[in-house]
**Student:** 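Just passing along the structure, written as structure tokens.
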Amino acid sequence: MTTSILLLGGTTEAYALAESLVADTRLRVMNSLAGRTTNPRLPAGETRIGGFGGIEGLADYLRQEGIRAVIDATHPFASTMGWHAAEACRSTDVPLLRLERPAWVAAPGDHWESVEDWRAAVEVLERSGSRHVLLAVGRQEVAPFASLDDIRFLIRAVTPPDPMPPFRSAELLLSRGPFDLDSERRLLDAHRIDTIVCKNSGGEATADKLVAARERGIRVVMRQRPQRPRLPLATSVAQALAWVDGIRG
Ligand SMILES: NC(=O)c1ccc[n+]([C@@H]2O[C@H](COP(=O)([O-])OP(=O)(O)OC[C@H]3O[C@@H](n4cnc5c(N)ncnc54)[C@H](OP(=O)(O)O)[C@@H]3O)[C@@H](O)[C@H]2O)c1
């Protein structure tokens, strides 16, 4: 008999986990993507795209599809989906695992300012005298910074903000990670960056900007991860696979 698993994805870890899970022919692997990107890369297994319609919608989906386990492998900052999954799985009695890459941790020589939201990040920029800022916060989250007229922003994103908020001085750099250390060094130097604003996404693909910042004594305004429900946690694909083995018995 096959066991149906729902994998809430959109992350590197989710793609890797799907790849491993489909090797087991006793599993039916259903991936779920939010649908934010047009033409997303499709993971291994089956894929559905788009929201479920809140907690109730997800609970209905779990019942209808006979889902036996859910793995929430969404991005650390996609917390709404995490809370919805926790509530829907609780009400349908379906086991739920959180797969999450570890957060970045400041090392000696780092100049990090931790903030809980973008409002606090704006305050840091105002009081610290930043002039050339690399904004790597995601295209949908740049708007709170547009009020800072004295700063020249370099906005790095995969696709352009739409609409583009009315920045007085901003350059858009469209590129997708991973970014290597040498190119991060060149970028910071070429734009005379004195501050980086980013989220604590963790992982390797975008971590080298932090190394380059450390080397140069550049300030990093780091947004902390939002709270998520308390759940069984895997920090690697191997741990998630072991959990699936346990569920199947
Ligand atoms: N936030 C980030 O910084 C970030 C970065 C990289 C990738 N992502 C990926 O982009 C997706 C959306 O992120 P977000 O921050 O907008 O999420 P979010 O705020 O946690 O979720 C908002 C709504 O989007 C839908 N949704 C989110 N993830 C979904 C999934 N995997 N499958 C089906 N529906 C999903 C749900 O709609 P319903 O309530 O209708 O079910 C959810 O309530 C996530 O899957 C995440 O892994 C996010």
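These values consider heavy atoms only, across backbone and side chains, with no hydrogens, waters or symmetry-generated copies. Whatever order the structure lists ligands and atoms in, that order sets their numbers, starting from 1.
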**Student:** Give yes if a backbone or side-chain nitrogen or oxygen of Leu8 is under 3.5 Å from a nitrogen or oxygen of ligand 1, and no if not.
**Tutor:** no

**Student:** Within the structure provided, determine whether Phe167 and Leu172 are in side-chain contact (heavy-atom separation under 4.5 Å).
**Tutor:** no

**Student:** So is there a nitrogen or oxygen of Thr74 less than 3.5 Å from a nitrogen or oxygen in ligand 1?
**Tutor:** no

**Student:** Considering only the protein, which heavy-atom contact is closest to atom 42 (C) of ligand 1, and what is its distance?
**Tutor:** Met81 SD, 4.1 Å

**Student:** Do we get Arg156 above Phe179's six-membered ring, with its NZ or CZ under 6.0 Å from the centre and within 45° of the axis?
**Tutor:** yes

**Student:** Can you list the ligand 1 atoms lying under 4.0 Å from a non-hydrogen atom of His84?
**Tutor:** 39 (O), 43 (O)

**Student:** Counting heavy atoms not belonging to Asp182, are there more than 12 under 6.0 Å from its CG?
**Tutor:** yes

**Student:** For salt bridge (Lys or Arg N to Asp or Glu O under 4.0 Å), just list the numbers for Asp60 and Arg63, CA-CA rounded to whole Å, side-chain angles, deciding distance to a tenth of an Å, and then say yes or no.
**Tutor:** CA-CA 5 Å; Asp60 288 345; Arg63 287 189 206 98; 3.0 Å; yes

**Student:** Show your reasoning for whether side chain to side chain donor-acceptor pair (under 3.5 Å) applies to Arg48 and Ser32.
**Tutor:** CA-CA 5 Å; Arg48 63 165 300 288; Ser32 179; 2.7 Å; yes

**Student:** Does atom CD of Glu126 have more than 12 heavy-atom neighbours, drawn from other residues, nucleotides or ligands, at distances under 6.0 Å?
**Tutor:** yes

**Student:** I'd like to check which ligand 1 atoms, numbered from 1 as shown, lie under 4.0 Å from a non-hydrogen atom of Gly50.
**Tutor:** 33 (C), 34 (N)

**Student:** Name the closest protein heavy atom to atom 10 (O) of ligand 1, giving the residue it belongs to and the distance to 0.1 Å.
**Tutor:** Arg36 CG, 4.4 Å

**Student:** Could you tell me whether the side chain of Leu188 reaches within less than 4.5 Å of the side chain of Ile196, counting heavy atoms only?
**Tutor:** yes

**Student:** Does only the side chain of Leu58 get under 4.0 Å from ligand 1, or the backbone, or both, or neither? Count heavy atoms.
**Tutor:** neither

**Student:** Nearest protein heavy-atom contact for atom 32 (N) of ligand 1: which residue, which atom, what distance?
**Tutor:** Ser32 OG, 2.7 Å

**Student:** Under a plain distance cut-off of 3.5 Å, with no hydrogens placed, do Arg139 and Thr159 share a side-chain donor-acceptor pair?
**Tutor:** yes

**Student:** Side chain, backbone, both or neither: which part of Ser201 comes within less than 4.0 Å of ligand 1 when only heavy atoms are counted?
**Tutor:** neither

**Student:** Which residue holds the protein heavy atom closest to atom 4 (C) of ligand 1, what is that atom called, and what is the gap in Å?
**Tutor:** His75 CG, 3.4 Å

**Student:** Give the residue, atom name and distance (to 0.1 Å) of the protein heavy atom nearest atom 13 (O) of ligand 1.
**Tutor:** Ala78 CB, 3.8 Å

**Student:** Carefully, step by step, assess Arg152 and Ser169 under the rule side chain to side chain donor-acceptor pair (under 3.5 Å).
**Tutor:** CA-CA 5 Å; Arg152 174 155 183 76; Ser169 176; 2.8 Å; yes

**Student:** Please identify which atoms of ligand 1 are closer than 4.0 Å to at least one heavy atom of Gly54.
**Tutor:** 38 (P), 39 (O), 40 (O), 41 (O)

**Student:** Are more than 12 heavy atoms, taken from residues, nucleotides or ligands other than Arg68, located less than 6.0 Å from that residue's CZ atom?
**Tutor:** no

**Student:** Among protein heavy atoms, which sits nearest to atom 30 (C) of ligand 1, and what does the distance come to when rounded to 0.1 Å?
**Tutor:** Ala34 N, 3.6 Å

**Student:** Just need the protein heavy atom nearest to atom 40 (O) of ligand 1, so name the residue and atom and give the distance.
**Tutor:** Gly53 N, 2.9 Å

**Student:** With atom 34 (N) of ligand 1 as the reference point, say which of Gly9, Gly51, Gly57 has the nearest heavy atom.
**Tutor:** Gly51

**Student:** Output the list of atoms in ligand 1 that are nearer than 4.0 Å to some heavy atom of Ser79, sorted by atom number.
**Tutor:** 20 (O)

**Student:** Side chain, backbone, both or neither: which part of Gln140 has a heavy atom under 4.0 Å from ligand 1?
**Tutor:** neither

**Student:** For atom 19 (O) of ligand 1, what is the closest protein heavy atom, and at what distance to 0.1 Å?
**Tutor:** Thr80 OG1, 3.6 Å

**Student:** Testing Leu187, Asp194, Leu173 one by one against Leu134 for a side-chain contact (heavy atoms from CB on, under 4.5 Å), which residue passes?
**Tutor:** Leu187

**Student:** I need the minimum non-hydrogen distance between Ile71 and Trp243, along with the two atoms involved.
**Tutor:** CG1-CZ3, 3.9 Å

**Student:** List every atom of ligand 1 that sits less than 4.0 Å from any heavy atom of Arg48, numbering the atoms from 1 in the order shown and giving each element.
**Tutor:** 33 (C)

